[in-house]
Number of protein chains: 2
Amino acid sequence: MKQAVDKAEGKPAAAEDRYPLRSVGRALDVLQALGANSGKGMGVGEIAEAIGVSRSTAFTLLQTMVARGFVSDVRIGGARLYRLGLALVHLGDLAVAEMGITQVATPILQQLTDATQLTSRLAVLDDGYAVAIGRVDAPGPFRMTASLGRRELPHCSSVGKSLLCRLPEPQILAILARLGMPKRTEHTLTSPETLLADLREVARRGYSFDNEEDNLGVVCVGSAVFDRSGAAVAAISVTSMRLERSDTDLHHLGAVVRAFADRISHLLGGPAHSALPPLA
Amino acid sequence: MKQAVDKAEGKPAAAEDRYPLRSVGRALDVLQALGANSGKGMGVGEIAEAIGVSRSTAFTLLQTMVARGFVSDVRIGGARLYRLGLALVHLGDLAVAEMGITQVATPILQQLTDATQLTSRLAVLDDGYAVAIGRVDAPGPFRMTASLGRRELPHCSSVGKSLLCRLPEPQILAILARLGMPKRTEHTLTSPETLLADLREVARRGYSFDNEEDNLGVVCVGSAVFDRSGAAVAAISVTSMRLERSDTDLHHLGAVVRAFADRISHLLGGPAHSALPPLA
DNA sequence: GCTATTGTTCGGCTATACAGAACAATGTTC
DNA sequence: GAACATTGTTCTGTATAGCCGAACAATAGC
């Protein structure tokens with residue numbers, strides 16, 4: 001799992017991942033560990049091992065967060081299972097609401113899902129990553145695991161491409177250099193050049209594809225949303241299992257998604273794709 | 001704001017609100033302060049004052065949480081505005097997903113909203129409070145502020161009543177004694193006796209009302225959801241501005257909500273209201 | 001230009017958060 | 001049913017990490 005690293009190693013002061021406040025960092029580690037084992041719940045010892053502290057330390061951390069509702073615990077016999085608390089639900093909801101886009105976009109997403117029978121998502125750029133802040137699940141038994149708030153690499157995601165495509169090239173390259181372009185599948189674009197070429201296409205036609213570039217068998221079609229200033233503040237997409245549609249149909253779907261994105265832009269006072277200036 | 005309290009006071013060990021880990025508690029304070037000022041964003045000094053620490057301490061706390069995405073910051077000129085980070089969105093989403101009820105209930109909520117044109121919500125009991133974990137907003141311009149994850153007092157909420165009504169009386173009284181029954185409006189039931197009488201009615205007919213008991217002009221109609229064990233694991237409700245319907249219509253609406261609640265119970269393998277034993 | 005207000009860094013004192021071991025409570029095994 | 005194993009919880013000493021205050025930097029206002 002996680003060896004104890006060299007504990008008493010003088011003080012090379014390295015430890016770049018050592019955050020100013022150790023206990024706070026560990027508390028956040030606990031939350032993320034609980035998130036990673038979501039659904040299962042974890043015991044004190046398990047958590048202690050996961051984040052590399054003693055049981056007693058983990059216990060104190062948990063006690064603090066349970067008292068505040070950030071972690072909830074269930075006693076089951078002698079054991080005690082910890083899971084993420086509902087206080088996080090409230091804060092997460094507020095964090096989403098702070099980005100006002102969600103308010104106006106959600107009804108449109110619903111219509112997009114109604115029209116296409118596909119799961120649709122709304123995402124924004126956060127520190128270079130694409131992060132979904134809204135979602136409408138497709139009807140029917142097929143439930144795509146479209147989790148909210150997870151940072152996704154932009155180079156292999158439809159919303160990521162739409163969010164990036166109108167940024168200045170140097171900025172795009174800086175993001176790609178910082179986050180890397182790992183090969184997620186055989187279709188992933190892994191060189192900045194090929195991605196830039198793709199992004200130029202995306203900017204030109206106003207919609208983007210993720211052609212099994214992140215997960216095999218999963219295809220997405222996305223388009224950007226603009227605010228008053230003309231900046232791409234968000235992007236929407238629909239996700240589908242491997243489409244057996246023709247390329248023509250895929251482009252038709254792209255035009256549909258773009259039309260819905262334009263409606264959101266319109267509500268935000270932003271321009272439609274057709275009103276955008278050509279690329280600099 | 002917050003005097004230093006008597007620091008060296010022997011050890012009456014009071015300070016019930018002093019959590020084991022001070023810095024972690026303060027970190028959570030920061031998050032909640034940011035949540036309270038949601039939408040506006042806060043500066044370092046403002047946060048420091050809100051939670052009663054020095055600016056430098058607040059700064060360190062924020063830096064730690066920014067590094068992990070729990071807080072996001074926007075530089076605007078020389079100033080720096082902090083707001084809730086998107087990492088919270090992910091964890092909040094996971095916390096909701098952990099309660100599997102959401103998965104099956106959301107489509108039904110959607111149908112309930114479609115059928116009634118009212119905002120519908122799904123709530124569970126958390127430490128005695130009613131906490132909404134799901135919501136479908138009504139169409140149209142009227143947007144009820146139905147925030148997720150906030151702890152709501154059960155005695156003046158429709159979902160709260162439905163969640164409580166089948167608990168043993170001593171347990172209900174214990175919850176009420178612990179949380180109190182503050183008078184939110186002139187219609188709030190403020191004595192355990194009147195509430196218990198109301199809860200017996202709720203249990204008998206299978207749906208509950210909040211008749212402007214929490215907010216004047218706001219009416220809710222709720223019903224409980226049961227799992228395999230027959231326990232009320234959740235409740236749903238619809239919310240409306242002051243209905244001008246007759247009592248008969250209100251009861252009709254109650255029957256509708258109860259029918260949808262029963263459909264969720266059915267999906268969970270639980271009994272419908274009609275299959276429940278009468279109150280002990 | 002100077003002042004007022006913000007964010008950020010630094011250093012030292014102290015309280016605090018840590019690990020480890022002891023204790024308790026449960027469940028498991030033979 | 002008793003010994004064991006495994007879990008959660010309490011306790012205590014000590015090193016250190018976290019806190020404050022003050023100094024510094026950078027804006028914004030006048």
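Only this structure's heavy atoms are used, side chains among them; waters, hydrogens and symmetry mates stay out. Below, read A as the first sequence line, B as the second, and so on, with proteins coming before strands; counting in each chain starts at 1.
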Judged by nearest nucleotide, the residue sitting upstream toward the 5' end of DNA chain D, A:Ser56 or A:Val24, is A:Ser56
Using the 3.5 Å cut-off, write out each protein N or O paired with an N or O of nucleotides 2-6 of chain C and the distance between them.
none

Side-chain N or O of B:Thr57 closer than 4.0 Å to phosphate OP1/OP2 of D:dC19: no
Double-helix bend of the helix from C:dG1-D:dC30 to C:dC30-D:dG1, axes at both ends from 5 pairs, round to 10°, gives 40°
So what does A:Ser23 touch, heavy atoms closer than 4.0 Å: a base, only the sugar-phosphate, or nothing?
sugar-phosphate
Check: Under 3.5 Å, is there a donor-acceptor pair between the side chain of B:Glu46 and the main chain of B:Gly43?
Finding: yes
request  = Let me see the working for A:Glu152 and A:Arg121 under salt bridge (charged side-chain N to carboxylate O under 4.0 Å, His left out), right down to the final yes or no.
outcome  = CA-CA 13 Å; A:Glu152 296 169 12; A:Arg121 306 202 304 155; 3.0 Å; yes
Review point. Side chains of A:Asp73 and A:Leu62: closer than 4.5 Å at any heavy-atom pair?
Key: no
**Message:** If you define the side chain from C-beta out and look only at heavy atoms, does anything of A:Arg80 sit under 4.5 Å from A:Val74?
**Reply:** no
inquiry  = Using modelled atom types and a 3.5 Å cut-off, is there a donor and acceptor pairing between side-chain atoms of A:Ser265 and backbone atoms of A:Phe226?
reply    = yes
Taking 4.0 Å as the cut-off, does a side-chain nitrogen or oxygen of B:Arg26 come that near to OP1 or OP2 on D:dG18? no
Sidechain N-carboxylate O distance under 4.0 Å for B:Asp93, A:Arg135
yes
- Pairwise side-chain contact, B:Pro182 with B:His155, heavy-atom cut-off 4.5 Å (strictly under): yes
### Chi angles and distances behind the side chain to side chain contact (heavy atoms under 4.5 Å, CB included) call for A:Leu173, A:Leu196
CA-CA 9 Å; A:Leu173 291 171; A:Leu196 280 179; 3.9 Å; yes
